2 protein chains.
Amino acid sequence: MDKHQHKDPAEKLSELGYRMTPQRMMILNAVHNATDHISAEEIYSQVRGQYSHLNLSTVYRTLELLKNLKLVTESDFGEGKVRYHSAEKGHHHHLVCQKCGDVNDVNEAVFTSLTDKLSGDYNFTADLRHLTIFGQCAKCNK
Amino acid sequence: MDKHQHKDPAEKLSELGYRMTPQRMMILNAVHNATDHISAEEIYSQVRGQYSHLNLSTVYRTLELLKNLKLVTESDFGEGKVRYHSAEKGHHHHLVCQKCGDVNDVNEAVFTSLTDKLSGDYNFTADLRHLTIFGQCAKCNK
DNA sequence: TTTGCTATTGCCAACATTTGCAAGCAGCGT
DNA sequence: ACGCTGCTTGCAAATGTTGGCAATAGCAAA
Ligand SMILES: [Mn+2]
Ligand SMILES: [Mn+2]
Ligand SMILES: [Zn+2]
Ligand SMILES: [Zn+2]
């Protein structure tokens, strides 16, 4: 059994008055089973395979909800559409290279000095989930 | 005269093979004269007052160009549209409160420890212009 | 000037995402 | 079982932004 068992999503939803519908379940699974960051359109066509009645708006609305519940995170790598990631896969941020397009993960620990400073100097509690930083990567810096 | 005179935009453009057209001039002025962060649509209707032939696509394309030349910066405060800011008004980032919607400026010095760390640990040269950080502001933290 | 090259524009259609609305469904009290 | 209420969905339309394309305008060489 998983010692770090989080509250299961259905429970988390109903606690706040929401319902765990088949659509939401399937969308959540799609994000969870994705090997990489997945887009709304990709989720849509994947889930549509088993439930052809699904509407794209429902995908967007569900992702918005899951994002607010911190079950998924959203990232914009500048490709004109946004991508999603299961929150269970740990917190991290992204470095996107503006030259070669490479995307790399950064541990969120790198940001603690920043959030501490924002908290100390501005009394601002930063909500830094899945931040995307643009710049030039190691390879392109050579 | 201005001791810190930057190269004038027209010069900067032509150096790179671009042209300073009336449209570009008017759009640049609109961003420059704005007291606050201005949206594409706002620029459009403002410039249209003096030049009714202008097309919205031109506004977007011009802003994209000016952004690449670092004459303007772009920020997304999460209102569903993006806003622009003249680069001459100094570098800074933004703290957006998720509770009250308040937007505050942060000096970019707050981010030097972060960029240093990204440079040292990842050899990644971060391009942090006009970053937007979401969270909870001082007022809402009380 | 005239010509030629290419950057730029307007127009329109596509795209990613959000919204309004009316129908459907779950839960709850009667 | 019935009806109320509020959550959820599909559908279609709207929104903000980008892209293709053909016509035009700016610039420089001839
Ligand atoms: Mn990620
Ligand atoms: Mn600004
Ligand atoms: Zn790179
Ligand atoms: Zn606030």
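Note that the structure is predicted; figures quoted are calculated from it, not measured. Reminder, nothing fancy here: chain letters follow the sequence lines and each chain counts from 1.
- Overall, the helix from C:dT1-D:dA30 to C:dT30-D:dA1 carries an axis bend of 10° between its ends, with five pairs at each end and the value rounded to 10°.
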With the criterion being N/O to N/O and under 3.5 Å, what pairs connect the protein with nucleotides 6-12 of chain D, and how long is each?
{"from": "D:dG6", "atom 1": "N2", "to": "A:R19", "atom 2": "NH1", "distance (Å)": "3.4"}
{"from": "D:dG6", "atom 1": "N2", "to": "A:R19", "atom 2": "NH2", "distance (Å)": "3.3"}
{"from": "D:dC7", "atom 1": "O4'", "to": "A:R19", "atom 2": "NH2", "distance (Å)": "3.2"}
{"from": "D:dC7", "atom 1": "O2", "to": "A:R19", "atom 2": "NH1", "distance (Å)": "3.4"}
{"from": "D:dT8", "atom 1": "OP1", "to": "A:R19", "atom 2": "N", "distance (Å)": "2.4"}
{"from": "D:dT8", "atom 1": "OP1", "to": "A:R24", "atom 2": "NH1", "distance (Å)": "2.3"}
{"from": "D:dT8", "atom 1": "OP2", "to": "A:R24", "atom 2": "NH2", "distance (Å)": "3.3"}
{"from": "D:dT8", "atom 1": "O5'", "to": "A:R24", "atom 2": "NH2", "distance (Å)": "3.3"}
{"from": "D:dT9", "atom 1": "OP1", "to": "A:T21", "atom 2": "OG1", "distance (Å)": "2.7"}
{"from": "D:dT9", "atom 1": "O3'", "to": "A:Q23", "atom 2": "NE2", "distance (Å)": "3.0"}
{"from": "D:dG10", "atom 1": "OP1", "to": "A:Q23", "atom 2": "NE2", "distance (Å)": "3.4"}
{"from": "D:dG10", "atom 1": "OP1", "to": "A:H53", "atom 2": "O", "distance (Å)": "3.3"}
{"from": "D:dG10", "atom 1": "OP2", "to": "A:N55", "atom 2": "N", "distance (Å)": "3.3"}
{"from": "D:dG10", "atom 1": "OP2", "to": "A:T58", "atom 2": "OG1", "distance (Å)": "2.3"}
{"from": "D:dG10", "atom 1": "N7", "to": "A:R61", "atom 2": "NH2", "distance (Å)": "2.8"}
{"from": "D:dG10", "atom 1": "O6", "to": "A:R61", "atom 2": "NH1", "distance (Å)": "3.3"}
{"from": "D:dG10", "atom 1": "O6", "to": "A:R61", "atom 2": "NH2", "distance (Å)": "3.4"}
{"from": "D:dA12", "atom 1": "N6", "to": "A:S57", "atom 2": "OG", "distance (Å)": "3.0"}

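- Around atom NZ of B:K89, more than 12 heavy atoms belonging to other residues, nucleotides or ligands sit under 6.0 Å away.
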- Task: Please assess B:E88 against B:H32 for the test side chain to side chain contact (heavy atoms under 4.5 Å, CB included), listing each intermediate value before the final yes or no.
- Result: CA-CA 8 Å; B:E88 295 186 22; B:H32 198 82; 3.2 Å; yes

Pair up each side-chain donor or acceptor in residues 110-117 of chain B with any protein partner under 3.5 Å, not counting sequence neighbours, and list the distances.
{"from": "B:T112", "atom 1": "OG1", "to": "B:A109", "atom 2": "O", "distance (Å)": "2.8"}
{"from": "B:S113", "atom 1": "OG", "to": "A:S113", "atom 2": "OG", "distance (Å)": "3.4"}
{"from": "B:T115", "atom 1": "OG1", "to": "B:F111", "atom 2": "O", "distance (Å)": "3.3"}
{"from": "B:T115", "atom 1": "OG1", "to": "B:T112", "atom 2": "O", "distance (Å)": "3.0"}

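- Partners of B:M25 by side chain to side chain contact (heavy atoms under 4.5 Å, CB included), not counting sequence neighbours, listed by chain and number: B:M20, B:N29.
- Proximity of residues 71-81 of chain A to DNA chain C (heavy atom under 4.0 angstrom from any strand atom) is restricted to A:G80, A:K81.
- Note: B:H94 and B:F77 meet the aromatic proximity criterion, with ring centroids under 6.0 Å apart.
- Contact footprint of chain B on DNA chain C: nucleotides with an atom under 4.0 Å from a non-hydrogen protein atom, first to last in 5' to 3' order, C:dT6 to C:dC12.
- In this structure, B:Y18 places its OH atom where only 12 or fewer heavy-atom neighbours from other residues, nucleotides or ligands lie under 6.0 Å away.
- Across the protein-nucleic acid pair, B:E64 atom CD and D:dG16 atom P stand 18 Å apart, rounded to whole Å.
- A salt bridge links B:E64 with B:K67: the closest approach of a Lys/Arg side-chain nitrogen to an acidic carboxylate oxygen falls below 4.0 angstrom.
- Taking 4.5 Å as the limit, every side-chain heavy atom of B:N107 sits out of range of all side-chain heavy atoms of B:H92.
- For the pair A:I133/B:F124, a side-chain contact is recorded, criterion being any heavy-atom separation below 4.5 Å from C-beta on.
- Side-chain polar atoms of B:D76 and B:T132 form no donor-acceptor pair below 3.5 angstrom.
- B:Y51 places a side-chain heavy atom less than 4.5 Å from the side chain of B:M26.
- Between the side chains of A:H91 and A:H130, no donor N or O sits under 3.5 Å from an acceptor N or O.
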